[in-house]
Number of protein chains: 2
Amino acid sequence: MQPRPARGERRVEALSRARIVQAAIALLDDGGIEALTFRALAAGLATGPGAIYHHVANKDELLSAAASDLLRTAIDGAAADGSDGRGVREVMSRVFITVTEHPWVGRHLAAAPWQPAVLQLLDRVGSELTALGVPQTQQLDAASVLVFHLLGVAAQRGAASQLHEMTEGRAAFIAEATSHAQDLDPGQYPFLEQVGPQLAAHDDEQQFNAGVDIILAGIAAGSGTTPDRPAPDFERRSR
Amino acid sequence: MQPRPARGERRVEALSRARIVQAAIALLDDGGIEALTFRALAAGLATGPGAIYHHVANKDELLSAAASDLLRTAIDGAAADGSDGRGVREVMSRVFITVTEHPWVGRHLAAAPWQPAVLQLLDRVGSELTALGVPQTQQLDAASVLVFHLLGVAAQRGAASQLHEMTEGRAAFIAEATSHAQDLDPGQYPFLEQVGPQLAAHDDEQQFNAGVDIILAGIAAGSGTTPDRPAPDFERRSR
DNA sequence: ACCTGAACACCGTTCAAGT
DNA sequence: ACCTGAACACCGTTCAAGT
């Protein structure tokens with residue numbers, strides 16, 4: 001029989017869902033999503049792979065739990081601030097940082113966008129928008145586009161870490177893609193070639209925040225007296 | 001020896017990259033991403049799994065090629081129209097439809113956002129914005145937020161098809177999530193409960209287009225001279 | 001009730017052997 | 001050069017057997 005260690009001198013901590021999730025996060029943080037294996041996890045926890053299934057239903061649930069852990073602290077850590085757009089900006093920014101520091105979270109977010117943590121984010125963003133005075137009829141669309149923006153960026157972050165594990169691989173990638181395009185057909189990506197210098201110079205976080213700003217500006221523009229909008233007027237630039 | 005069928009009466013078509021991609025799309029369209037297997041693909045092509053590797057490097061490349069096939073026709077099929085926002089709207093809308101009709105494309109887009117087809121979309125959107133008169137300094141940010149929006153929606157579409165394979169599973173899901181939240185803590189998702197009726201009633205495509213409209217409005221607002229609107233003008237943070 | 005770890009059913013990918 | 005398909009190295013997951 002297994003002697004229960006007395007005097008609280010437990011050599012082996014009891015298996016628990018919390019410990020499993022913690023170990024999973026550790027594996028994911030170095031090694032990415034393909035480093036999370038039930039075998040590796042079990043080895044780290046000094047047990048067999050089957051034991052884990054007594055605490056987690058399957059790998060998807062484990063991934064969601066791990067991602068949720070980090071996302072919740074990011075979301076809850078943002079101070080509510082309904083006076084201007086700062087509340088929304090802070091939640092968005094905090095989640096972006098989480099997704100950047102843990103690219104596997106981004107990957108899982110993009111792979112399973114309906115997990116509770118995303119709902120929580122959508123709810124939080126929506127509440128902020130309500131406090132900002134966005135009309136009721138537009139709150140859902142407005143909150144959705146913000147969350148979709150985040151999901152898209154999350155996907156990019158999650159994949160970026162895979163590309164040769166370079167943090168700054170994007171510029172090199174663009175260069176490669178552009179040059180590859182030139183092999184096939186010079187000028188296939190005219191716009192990207194045009195903004196090439198900006199591409200090489202820009203910062204991902206800055207670009208993300210710029211996107212949030214654009215969306216917020218659009219929400220603010222739509223919040224005014226609503227016409228039967230055919231299209232936002234771009235016309236004023238010509239002339 | 002294998003008799004080469006004369007008179008062009010080939011019983012078995014020669015293996016080719018095009019045929020492989022075509023067969024892959026067929027497998028993906030019914031059965032989703034987990035139906036695409038080198039064994040199943042080989043069986044359908046009446047050959048062994050190894051033969052495929054003579055024409056495609058690996059599964060990722062095969063998936064990208066299949067997705068690219070559909071995305072290119074969606075992107076190229078959109079008529080350029082620089083006069084108002086219609087050009088951008090049409091490309092975005094066409095890709096949305098593709099991603100809706102082939103959810104596996106959405107999944108792969110979210111999983112591999114840097115594939116050439118996405119670059120092509122970014123380039124196309126950027127070109128449209130240039131034609132719209134968006135200032136040079138804002139073109140990249142503007143194009144990016146549109147593409148990120150699309151990637152986020154693509155992720156949602158890709159995952160939605162997995163949830164019990166119901167097209168309208170979203171409402172049920174929200175209801176479930178909300179009720180589940182009530183088990184834990186009534187009012188955990190106050191915003192979602194508030195917009196509940198809109199959630200149940202809304203159409204995904206409509207919501208996507210509304211997001212595009214919001215972003216375009218934000219781009220237009222940033223492009224022109226700032227209107228003196230005091231009320232909902234969230235102060236733009238200077239990076 | 002919880003743990004163990006061998007075994008099952010499946011993958012993507014490789015490679016000697018054929019043609 | 002292209003094909004073949006058995007074999008390899010790995011998965012997630014299950015389950016009889018233990019405690």
Side-chain angles (χ1 to χ4, degrees), chain A residues 1-6 10-28 31-67 104 107-108 111-112 115 159 162, chain B residues 1-6 10-28 31-67 104 107-108 111-112 115 159 162:
Chain A
M1 73 188 61
Q2 198 159 273
R4 187 175 186 80
R10 304 169 297 168
R11 326 184 124 258
V12 186
E13 273 184 87
L15 209 54
S16 70
R17 190 182 158 100
R19 259 188 82 222
I20 291 175
V21 170
Q22 191 182 1
I25 292 179
L27 275 180
L28 288 162
I33 223 165
E34 54 269 356
L36 180 60
T37 287
F38 275 76
R39 274 165 250 260
L41 194 55
L45 293 167
T47 180
I52 300 170
Y53 286 89
H54 287 273
H55 301 91
V56 215
N58 50 36
K59 193 177 182 178
D60 248 22
E61 198 204 278
L62 177 55
L63 260 171
S64 282
W104 57 271
R107 257 183 76 147
H108 182 64
Q115 57 188 291
Q162 293 240 108
Chain B
M1 76 188 60
Q2 199 159 272
R4 187 172 186 83
R10 303 170 299 169
R11 326 185 124 258
V12 186
E13 273 184 87
L15 208 54
S16 71
R17 190 183 157 99
R19 258 188 83 223
I20 291 174
V21 169
Q22 190 182 1
I25 291 180
L27 275 180
L28 288 161
I33 222 164
E34 54 269 355
L36 179 61
T37 286
F38 274 77
R39 272 166 250 259
L41 194 55
L45 294 166
T47 180
I52 300 171
Y53 286 89
H54 288 274
H55 302 91
V56 219
N58 50 37
K59 193 177 182 178
D60 249 22
E61 198 205 277
L62 177 55
L63 259 170
S64 283
W104 57 270
R107 257 184 75 148
H108 182 63
Q115 56 188 291
Q162 295 241 107

Roughly how many Å is it from [atom1] in [X] to [atom2] in [N], rounded to a whole number?
X	N	atom1	atom2	value
Ile20(A)	dC2(C)	CD1	C1'	12 Å
Arg17(B)	dC3(D)	CZ	P	14 Å
Leu63(B)	dT13(C)	CG	P	11 Å
His54(B)	dT14(C)	NE2	C1'	10 Å
Ile52(B)	dG12(C)	CD1	P	9 Å
Ile33(B)	dC11(C)	CD1	C1'	14 Å
Tyr53(A)	dA7(C)	OH	P	18 Å
Leu41(A)	dG5(C)	CG	P	15 Å

For Leu36(A), report the nucleic acid contact type (base, sugar-phosphate, nothing); a contact means any heavy atom under 4.0 Å. sugar-phosphate

Review point. Reckon Leu62(B) touches a base, only the sugar-phosphate, or nothing at all at heavy-atom distances under 4.0 Å?
Key: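 If one applies the 4.0 Å heavy-atom cut-off, Leu62(B) turns out to touch nothing in the nucleic acid.
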
* Donor-acceptor pair, Arg19(B) side chain versus Ala14(B) backbone, under 3.5 Å? ->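 Checked: pair present.
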
Inset, instruction - Kindly say whether Leu36(B) contributes a backbone atom to a donor-acceptor pair with the side chain of Lys59(B) at under 3.5 angstrom? - result: yes

Of Ala51(A) and Glu34(A), the one whose nearest nucleotide on DNA chain D sits closer to the 5' end is Glu34(A)

Let's see if you can work this out: which of [options] has an atom nearest to the side-chain heavy atoms of [X]?
X	options	value
Pro49(A)	dC3(C), dT13(D), dG12(C)	dT13(D)
Thr37(A)	dC3(D), dG12(D), dC3(C)	dG12(D)
Leu15(A)	dC3(C), dC3(D), dG12(D)	dC3(C)
Lys59(A)	dG12(C), dC3(C), dC11(D)	dC11(D)

Report task. Go through the side-chain N and O atoms of His108(A) and Ser64(A) and say whether any donor and acceptor fall under 3.5 Å apart. Result ->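 On atom types as modelled, these side chains qualify, holding a pair under 3.5 Å.
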
Of Arg39(A) and His55(A), the one whose nearest nucleotide on DNA chain C sits closer to the 5' end is His55(A)

- Query: Does any non-hydrogen side-chain atom of Leu63(A) lie less than 4.5 Å from one of Leu28(A)?
  - Reply: yes

If dT19(D) has a Watson-Crick or G-U wobble mate with both distances under 3.5 Å, name it; if not, just say none.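 Partner of dT19(D): dA1(C).
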
As its Watson-Crick or G-U partner within any shown strand, both distances under 3.5 Å, dT13(D) has dA7(C)

**Request:** Mind checking the CD1-CZ spacing from Ile20(A) to Phe38(A)? Nearest 0.5 Å is all I need.
**Result:**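 Ile20(A) CD1 to Phe38(A) CZ: 8.5 Å, rounded to 0.5 Å.
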
